[in-house]
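Residues take their numbers from the sequence shown, with the count starting at 1.
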Amino acid sequence: MSVRKLKPITPGQRFRVVNGYDAITTDKPEKSLLAPRKRTGGRNSQGKMTMRYRGGGHKKRYRIIDFKRNKAGIPATVASIEYDPNRTAFIALLNYQDGEKRYVIAQNGLQVGQNLVSGNDVATEIGNAMPLKEIPLGTVISCIELRPGQGAVMARSAGAFAQLIAREGKYATVKLPSGEIRLILSECMATIGAVSNSDHQLLVSGKAGRKRWLGRRPRTRPVVMNPVDHPMGGGEGRASGGHPRSRKGIPAKGYRTRSKTKASNKFIVERRKK
């Protein structure tokens, strides 16, 4: 992984930092694993805007990702590492021995030609998927299920990883990327290794137009709004805006919004740090 700082030959490139894409091996996606992706522009089924500051952007096609890794015991070869416009992580195209092709989230250090396999009693190597009960304690993992058979829902973005720190009874204790320590059923699948493209956090857009290409419209700061539009709006001249809070009045910095009666609270051993 590497990043490149461009020469400032235009104002938009003066501060721009781009991905080196060293790990990418092809720019042609697998056609059989593409699906159309319709843009909403932040509107719901009634056509009403429910999410502000969205719209426009370049057309994308969705890559169908195998988050379940349920082809147990069938080896697959990594055919390519590819860019996915729908997520921050890179993806890997797997060619299974039975002829099927699938996309998976690529782990850091995954190489073309490498053999991957999922299921019980498989080697603890980068890219292999197995239940938490089979993974040695202390192992760095990613793409973790919360319910058996559900498919990976946690630690899926660029550079994300969790750590398996204990096992007791039917539960495994996992330290998540946020710092939260949580109990997860030992039957749930996880993938060995951290997610690829860890340099994603170092990228700098360089100009506002690049945000528009990604489908993000300009965001108005609350302090320049009127009182009718936002709790932080109004005042004479350049007022500071008062206590930072959301449009609906919820405090923005450090205020805990998690429900005290949420069913999954009993699985959280230690809350994430402030």
Side-chain angles (χ1 to χ4, degrees), residues 3 5-6 8 10-19 37-60 85-89 146 153-162 175-182 195 197-265 267-274:
V3 294
K5 194 170 188 324
L6 301 185
T10 64
Q13 288 190 1
R14 178 166 296 280
F15 301 108
R16 193 179 175 208
V17 179
V18 298
N19 203 315
R37 185 178 178 202
K38 190 173 183 294
R39 288 187 174 276
T40 64
R43 273 77 174 168
N44 64 6
S45 59
Q46 296 177 307
K48 294 179 180 178
M49 183 186 286
T50 54
M51 187 67 68
R52 294 177 301 158
Y53 315 131
R54 291 193 179 188
H58 201 288
K59 188 175 182 179
K60 298 176 183 177
N86 305 295
R87 64 192 72 252
T88 55
L146 272 186
V153 294
M154 309 192 86
R156 297 187 342 187
S157 61
F161 64 89
K175 185 173 185 180
L176 299 171
S178 63
E180 178 179 294
I181 298 175
R182 182 193 174 95
V195 180
N197 197 18
S198 54
D199 287 336
H200 175 76
Q201 60 182 350
L202 304 175
L203 305 186
V204 180
S205 288
K207 63 179 184 181
R210 190 157 282 105
K211 276 289 185 191
R212 300 305 298 261
W213 299 343
L214 297 176
R216 296 286 174 182
R217 297 179 65 227
R219 179 178 169 273
T220 307
R221 290 175 299 123
V223 292
V224 300
M225 294 182 185
N226 292 318
V228 69
D229 299 315
H230 202 283
M232 294 171 66
E236 292 291 326
R238 295 196 172 185
S240 64
H243 297 294
R245 55 188 64 246
S246 76
R247 192 182 180 94
K248 294 185 177 179
I250 299 170
K253 297 188 176 180
Y255 183 74
R256 296 193 167 185
T257 58
R258 187 180 174 92
S259 169
K260 291 182 174 63
T261 57
K262 195 163 186 174
S264 60
N265 281 347
F267 299 117
I268 297 175
V269 178
E270 187 178 327
R271 282 289 304 268
R272 63 188 174 92
K273 305 294 186 290
K274 277 192 178 181

Mind listing the side-chain donor-acceptor pairs of residues 200-211 below 3.5 Å, one per line with the distance, residues two or more places apart or on another chain?
| residue | atom | partner | partner atom | Å |
| --- | --- | --- | --- | --- |
| Arg210 | NH1 | Ser205 | O | 2.5 |

Going by heavy atoms in the side chains, are Arg182 and Leu146 under 4.5 Å from each other?
yes
Holding to ring-ring contact (aromatic ring centres under 6.0 Å, His included), I want the full list of residues that pass it with Phe267, two or more places apart in sequence or in another chain.
Tyr171
Cut-off 3.5 Å, no hydrogens considered: what does the side-chain donor-acceptor table look like for residues 42-56, sequence neighbours left out?
| residue | atom | partner | partner atom | Å |
| --- | --- | --- | --- | --- |
| Arg43 | NH1 | Gly41 | O | 2.5 |
| Asn44 | OD1 | Gln46 | N | 3.0 |
| Asn44 | OD1 | Gly47 | N | 3.2 |
| Asn44 | OD1 | Lys48 | N | 3.0 |
| Thr50 | OG1 | Gly42 | O | 3.4 |

Any side-chain heavy-atom pair from Gln13 and Pro8 closer than 4.5 angstrom?
no
Sub-3.5 Å donor-acceptor pair from the side chain of Lys5 to the main-chain atoms of Arg14, do we have one?
yes
Those residues at least two apart in sequence (or on a different chain) that pass side-chain hydrogen bond (donor to acceptor under 3.5 Å, both in side chains) with Arg216 are none
Under the side-chain hydrogen bond (donor to acceptor under 3.5 Å, both in side chains) test, which residues partner Arg221, sequence neighbours left out?
none
About how many Å separate CD1 of Ile181 and CG of Leu176, when rounded to the nearest 0.5 Å?
9.0 Å
Is there a side-chain contact between Arg271 and Arg256, using heavy atoms and a 4.5 Å cut-off?
yes
Which residues satisfy the side-chain hydrogen bond (donor to acceptor under 3.5 Å, both in side chains) test with Asp229, sequence neighbours excluded?
none
Answer yes or no: is there a donor N or O on one side and an acceptor on the other, between the side chain of Thr88 and the main chain of Ser157, under 3.5 Å?
no
Is the count of non-hydrogen atoms from other residues, nucleotides or ligands lying under 6.0 Å from Arg258 atom CZ greater than 12?
yes
Could you check whether Asn19 and Asp199, counting side-chain N and O atoms only, form a donor-acceptor pair closer than 3.5 Å?
no
